[in-house]
Colleague: 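Starting off with a structure, shown below.
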Amino acid sequence: MSTRRLRILDTTLRDGEQAASVNLNAGEKLQIARQLAALRVDAIEAGFPAASPGDFACVKSIAGEMRGPAVVALARAREDDIRRAAEALAGARRPRIHVFIAASPIHLRHKLRMSAAEALAAAQSAVRLARSLCPEVQFSAEDASRSDPEFLIELYRAAAAAGAAILNLTDTVGYAMPEEFEALVRRVIAGVGAGPEITFSAHCHNDLGLATANSLAAIRAGAGQVEATLNGLGERGGNAALEEIVMALRTRRDFHAVDTGIDATRLTAASRLAARLTGVAVPPNKPVVGANAFSHESGIHQHGVLAERSTYEIMRAEEVGAEAAVIVLGKHSGRNAFGERLAKLGYSLTSWQLDKAFLAFKRLCDEKREVLDGDLEALAGEVVSAAPERVYSLGAYEINCGNRVPGGPTAWVALKTSDGKEICDAAVGNGPVDAAYIAMQRIIKLDLTLENFAIAATSRSSDAAGEAQVTVRHAAGISASGRGISTDTVKACIIAYLNAVNNLYLAAAAKDVKLVPARP
Ligand code: KIV
Ligand code: ZN
């Protein structure tokens, strides 16, 4: 059967990161980019350099490291955005600037306050500038599914004439129906009338749960690229889920006659990595990568699957790398076996990070009998997420709680500062974690609110470690997250809070903001 090759642009690090409460730091973004490269995506949209110095630095570091996939930087149709994108991509082997401008009457009138003719002129000169700075340019008409198709054709023609090689059709608010989107993509492709040097692309959001269906519809209409995110991460209902599109094309190759370059056996590891680092858990019933995607509970289904797997299974767990792990590491395991298992789980640590994680692994081996994959992922996640320079680290601490403690739970915490001091304080709280956080807050003295707090077990055993994830927000409008793992759950929460504070100092420095104590 002859098939055509579809390109996949992953935008987890740009559109996915726009999801509420997702806040990835530079180390976490690099880790996800490495996993995307191992997955063999064709392009990684690494960020929006003009948005902040932090975003600029992330795009620059990913651009400097990636050798396989194209690295894409987003820019509005504005000169300063485009120059910033080009600067961030300077070290990339395959750079691509992605210029976008709104095209729908709603966006033009209320957001841009521009006429269609003005938007067309702005798009054309922006693409021309981008093409003068970068060998590959992608152009998106934002909110294309609610735009006038004839205007879209004019806009894309102008962008192609100015040098864009990839023309992206967007369903920005997840409004399109599959048949409608397929017809739109067909009409635009025919109307633009470009040769094979132009690739049409689709970018679908999932507000009505149709992002995968709409992406497949665009492929049927002739799109040569689709944009997606791991686990469908993204604003509101999210973006099209990469794993769903890839497995729909693979499982129904007979129907679509399309191949991607994705190594599907890495999908589970990539999904788990993205879930852990973003803090957005994958629902158990999520297609392809959910914990129940390959489990059969009902008797009738179990009977059928035992007799012949294809009765109720259209894909195999092995195809997406979801087979049960049989390797259990313990205190006699060496650094090599540890590093190899982490690599299988999707973590590419530097030698320094591996040393740190291995030390934490050995400590954990003293605390619990078996160290399972969930523990390893949590250990690696903590190392990847930690700021390279710490303003505070944990000294001693003591927690008193239980129903015989008068006056409620109390915490005493000592923090070591980067200039060699040790400061301690104590507090009473609603619970042991609350008490510890109030005590630390008295030492740190920043105007912080706890934006997100979650704690989970790293495995299902009773001696499981606790993994805490915390996001703090400073009054200056900067947020940062931290992760902590320990068999002592309160300690995991304390470490996560300190890691979030250390990351906050880093995020503030990247934005040129000085964090001043709220109280003397
Ligand atoms: O949803 C959208 O329209 C976008 C564009 C910037 C491509 O994310
Ligand atoms: Zn989008």
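For reference, positions follow the sequence shown, starting with 1. Each ligand, and each atom within it, is numbered from 1 in the order the structure gives.
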Colleague: What about T172: any of its N or O atoms under 3.5 Å from an N or O on ligand 1?
Modeller: yes
Colleague: Looking only at N, O or S atoms in H205, which is nearest to the Zn ion (ligand 2)?
Modeller: NE2
Colleague: Answer yes or no: does an N/O atom from D15 fall short of 3.5 Å to an N/O atom of ligand 1?
Modeller: yes
Colleague: Determine which of the N, O or S atoms in D15 is closest to the Zn ion (ligand 2) and give its atom name.
Modeller: OD2
Colleague: Are a donor atom and an acceptor atom from the side chains of T12 and T229 found within less than 3.5 Å of each other?
Modeller: no
Colleague: What is the closest protein heavy atom to atom 4 (C) of ligand 1, and at what distance does it sit?
Modeller: H203 NE2, 3.4 Å
Colleague: Are side-chain heavy atoms of R94 and V71 found at a separation under 4.5 Å?
Modeller: no
Colleague: Compute the shortest N/O to N/O distance between H205 and ligand 1 and return yes if it is under 3.5 Å, no if not.
Modeller: yes
Colleague: Where is the tightest heavy-atom contact between N168 and Y156, given as atom of each residue plus distance?
Modeller: O-OH, 2.6 Å
Colleague: Take a 6.0 Å sphere around NZ of K286 and say whether it holds more than 12 heavy atoms from other residues, nucleotides or ligands.
Modeller: yes
Colleague: Looking only at side chains, do S479 and E451 share a donor and an acceptor under 3.5 Å apart?
Modeller: yes
Colleague: Distance under 4.0 Å to a non-hydrogen atom of E142: what atoms of ligand 1 satisfy this?
Modeller: 3 (O)
Colleague: Only one of L242, I44, D10 clears side chain to side chain contact (heavy atoms under 4.5 Å, CB included) with L39; which?
Modeller: L242
Colleague: Could you identify the single nearest non-hydrogen protein atom to atom 5 (C) of ligand 1 and state the distance to 0.1 Å?
Modeller: R14 NH2, 4.0 Å
Colleague: When you compare the side chains of N239 and D15, does any donor N or O come within less than 3.5 Å of an acceptor on the partner?
Modeller: yes
Colleague: So which bit of H98 gets within less than 4.0 Å of ligand 1, heavy atoms only: side chain, backbone, both or neither?
Modeller: side chain
